[in-house]
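First the structure, in the form of C-alpha cells, and then the observations on it.
Just so we're on the same page: letters track the sequence lines, and every chain starts at 1. Atom set for the values below is all heavy atoms of this structure, side chains included, hydrogens, waters and symmetry mates excluded.
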2 protein chains.
Amino acid sequence: MGAGDGLTQVSGSITIVRGEEELYRRTAHLFAAATDLACAAAGLASWVADHRSEEFADAAAARRGGKRIRKLYPAGLLLDSVAARELARRRDEIGAEIRVTPDEINETIIIDRRLVILAGDRRSGPRGYSVITRPEVVQGVLSLFETAWRSATDLAVYNARVAEIRQIAPAVLDLLSQGVKDETAARRLGLGLRTYRRRVAELMAALGAESRFQAGVRARELGLV
Amino acid sequence: MGAGDGLTQVSGSITIVRGEEELYRRTAHLFAAATDLACAAAGLASWVADHRSEEFADAAAARRGGKRIRKLYPAGLLLDSVAARELARRRDEIGAEIRVTPDEINETIIIDRRLVILAGDRRSGPRGYSVITRPEVVQGVLSLFETAWRSATDLAVYNARVAEIRQIAPAVLDLLSQGVKDETAARRLGLGLRTYRRRVAELMAALGAESRFQAGVRARELGLV
DNA sequence: GCGGGGTTGGCAGCTTGTTGCCGTTCCCGG
DNA sequence: CCGGGAACGGCAACAAGCTGCCAACCCCGC
C-alpha cells in the first residue's frame with residue numbers, strides 16, 4: 001500500500017504522508033493557491049512553522065488579493081530574543097497574523113478551511129503527516145483552531161508583556177536546568193527568594209507548564225535550554 | 001580567516017570546524033587509522049555518538065589488529081528500550097566497550113590519545129567542533145574521560161539494573177511531562193503514592209537530575225518524552 | 001512635596017515533593 | 001513449613017516550591 005513511496009492511503013479523504021519532502025511534493029500547489037491559511041506550530045523550526053517561507057513571500061506580495069495567513073506559536077518562544085525577532089520578521093515580511101499561546105499546541109495546518117494537515121508524533125522515524133479533506137474532520141479541527149486563536153494573544157502584545165522577563169530568562173533557565181535550588185539561584189542572581197520565584201512562575205506561565213518537570217520538557221523543546 | 005569554508009583556525013593546535021560534514025571531511029582518515037578511540041556522547045543520534053558506523057564496522061572487522069573503542073553514554077538512554085537495544089547492537093557489532101553514566105556528558109572524541117574533538121554548543125546555527133592536538137589539552141581531556149569512564153557502569157550491568165524501571169518509564173515520564181501531580185499519577189497507574197515516588201526517584205537517578213526541571217530537560221534531550 | 005503605581009523582598013501558610021521507617025505480603029529456596 | 005529477601009504502601013518528618021500579604025522603596029507626574 002505505497003510503503004515504498006512514502007505515502008500511505010488510509011481512506012478516500014485521509015492520507016498519511018511520510019516525511020516532509022513528500023508532504024511538500026504533494027501539497028505545494030495547495031499552498032501556492034491558498035487564500036486562507038491557518039497554522040498551529042509547536043516551535044520555530046518545524047516544517048509546519050516554517051514550510052517554505054519563499055512561497056509566503058510570494059503570498060505576501062499577493063496580499064492585496066485577499067490572502068489571509070494566521071499562525072499560532074507557543075508563547076514560550078518569546079522568552080528567546082532570537083525567536084522573538086524571527087516571529088516578528090515572519091509577521092512583517094510575510095504578512096502573517098501571529099498570535100501566541102501558553103497552551104500545548106498540536107501541529108496543524110488548515111488550507112482554505114477545507115483541507116487539514118496534522119503532524120504526527122515526532123519521536124519515531126520519518127514523521128508522518130495526515131492530510132485530511134473529510135469535511136466533518138476539517139470542521140472539527142478548524143473549530144479547535146478558532147477557539148485556540150481566540151484565546152491566544154497577539155504577538156506584539158505578548159512580546160511587550162514578556163520583554164522584561166526575557167532579559168532574565170536565560171539566566172534563570174540555565175540555573176533551573178542545572179538543578180540549582182531556588183534559594184541558591186536567587187542568591188547567585190542577586191535577587192530575593194520571593195522575586196526569583198516570581199520570575200520562575202512567570203517563566204512557567206509562558207511555557208504553559210504546571211510542574212517543573214513539564215516546564216523543563218517545554219523549555220528544552222523550544223530550544224530555550 | 002576561512003569564514004567561507006566552514007573552518008576557523010584558532011591556533012596551531014586548536015581548530016574550529018563548523019558543521020558535521022566538514023568535520024567528517026577533515027577527520028575521516030583519522031578514524032580509519034585510529035587504534036584507540038574514546039567517545040563521550042550526549043545521546044544516541046548525535047554525530048559524536050554515531051559518526052559513520054560503517055567505519056567502525058570496518059574497525060570491528062579489524063579488531064584483531066588491536067583497536068580499542070570505548071563509548072560513554074548517558075544512563076538515561078537505557079530508560080528507552082529502542083535506545084537500549086541500539087546501544088547493545090553497537091557494542092556487539094562494532095565491538096565497542098560501552099558504559100553509561102548519569103552524569104552530564106560533554107560530547108568528546110579522543111583519537112589515539114593525541115587528538116581531541118570537542119563538540120560545541122548545539123543551540124546556535126551549524127555546530128562548531130574544536131579539533132585539538134595540543135598535548136596538554138589532550139591529556140587534560142583524556143584524564144577527565146578516564147575519570148568518567150572509571151565511575152561509569154558497564155552497559156550490560158546497568159541495563160539489567162534498570163530493566164524493570166524501563167517497563168514503567170514511558171508511563172511515568174508521560175504523566176510527568178503533562179504536569180500531573182504525584183498523587184493523581186499514582187492513582188492512574190494503580191500504584192501507591194510511595195511506590196510511584198520511588199519510581200520517579202529512580203528515573204531521576206538514571207537521568208542524573210537533582211530537580212524535576214532538570215529531569216524534564218534531560219528526558220526531552222534524550223528523546224524519552 | 002504629595003500621591004499613585006509598580007516592584008522588591010521578608011514572612012508565613014499551604015501544597016507538593018523527598019525519603020526513611022516499618023508492618024505486611026509475596027516469592028523462593030532449604 | 002520456615003526463614004530470608006525484596007517490594008509495596010501508609011505514615012510521618014522534613015525540604016522545596018507556590019503564593020498571598022504587606023511594608024518599604026523607587027519613580028514619575030502634578
Side-chain angles (χ1 to χ4, degrees), chain A residues 75-76 79 102 157-169 171-220 224-225, chain B residues 75-76 79 102-103 157-220 224-225:
Chain A
L79 294 174
V157 172
Y158 199 87
N159 216 6
R161 190 186 302 168
V162 300
E164 203 166 314
I165 181 71
R166 186 157 57 222
Q167 300 299 314
I168 203 171
V172 175
L173 290 167
D174 189 55
L175 292 166
L176 283 169
S177 69
Q178 285 173 41
V180 180
K181 289 174 173 51
D182 288 1
E183 196 172 310
T184 302
R187 201 165 49 236
R188 287 196 198 165
L189 295 178
L191 302 175
L193 178 59
R194 184 69 188 87
T195 298
Y196 175 79
R197 282 183 176 161
R198 274 205 185 94
R199 297 291 92 79
V200 171
E202 285 158 14
L203 288 176
M204 284 177 67
L207 292 168
E210 295 177 346
S211 73
R212 289 200 177 196
F213 189 100
Q214 189 183 27
V217 172
R218 292 276 176 84
R220 181 65 199 169
L224 302 176
V225 294
Chain B
L79 295 173
D103 299 330
V157 173
Y158 200 87
N159 216 7
R161 191 187 302 169
V162 301
E164 205 166 311
I165 181 69
R166 186 156 59 224
Q167 301 298 313
I168 201 172
V172 175
L173 289 167
D174 189 56
L175 292 167
L176 283 170
S177 69
Q178 285 172 40
V180 180
K181 289 177 174 49
D182 288 2
E183 194 172 312
T184 304
R187 199 164 51 238
R188 287 197 197 162
L189 295 177
L191 302 175
L193 179 60
R194 185 70 189 86
T195 298
Y196 176 79
R197 284 180 174 164
R198 274 204 184 93
R199 299 288 93 75
V200 171
E202 285 158 14
L203 289 176
M204 285 178 67
L207 293 168
E210 295 177 346
S211 74
R212 288 199 176 194
F213 189 99
Q214 188 181 30
V217 172
R218 293 275 175 85
R220 180 66 198 169
L224 302 176
V225 293

Problem set entry | Among dA16(D), dC18(D), dT18(C), the nucleotide that comes nearest once only the side chain of Met204(A) is considered | dC18(D)

Problem set entry | Phosphate OP1/OP2 of dC8(D): any Arg199(B) side-chain N/O under 4.0 Å | yes

Exercise. With distance as the sole criterion, do the side chain of Arg197(A) and the base of dG9(C) form a donor-acceptor contact below 3.5 Å?
Worked result: no

Problem set entry | Shortest non-hydrogen separation from Arg212(B) to Leu176(B) and the atoms involved | NH1-CD2, 3.7 Å

Seminar exercise, completed: Result for 5'-nearest mapping on DNA chain D, choosing between Val200(A) and Tyr196(B), is Tyr196(B)

For this session: Check whether any side-chain heavy atom of Leu175(A) lies under 4.5 Å from a side-chain heavy atom of Leu189(A), and answer yes or no.
Result: yes

Problem set entry | hbond_proxy Arg198(A) side chain to dG9(C) base (donor-acceptor, 3.5 Å cutoff) | yes

Problem set entry | Among Thr195(B), Leu79(B), Leu191(B), Leu173(B), the one residue meeting side-chain contact (heavy atoms from CB on, under 4.5 Å) with Ile168(B) | Leu191(B)

Exercise. How do Leu193(B) and Asp182(A) order along DNA chain D: which one's closest nucleotide is nearer the 5' end?
Worked result: Leu193(B)

Problem set entry | Thr195(B) side chain, from C-beta outward: closest of dG20(D), dG20(C), dC8(D) | dC8(D)

Exercise. Are any of the side-chain heavy atoms of Leu207(A) and Gln214(A) separated by less than 4.5 Å?
Worked result: no

Exercise. Between Arg212(B) and dT18(C), does any side-chain N or O lie under 4.0 Å from OP1 or OP2?
Worked result: yes

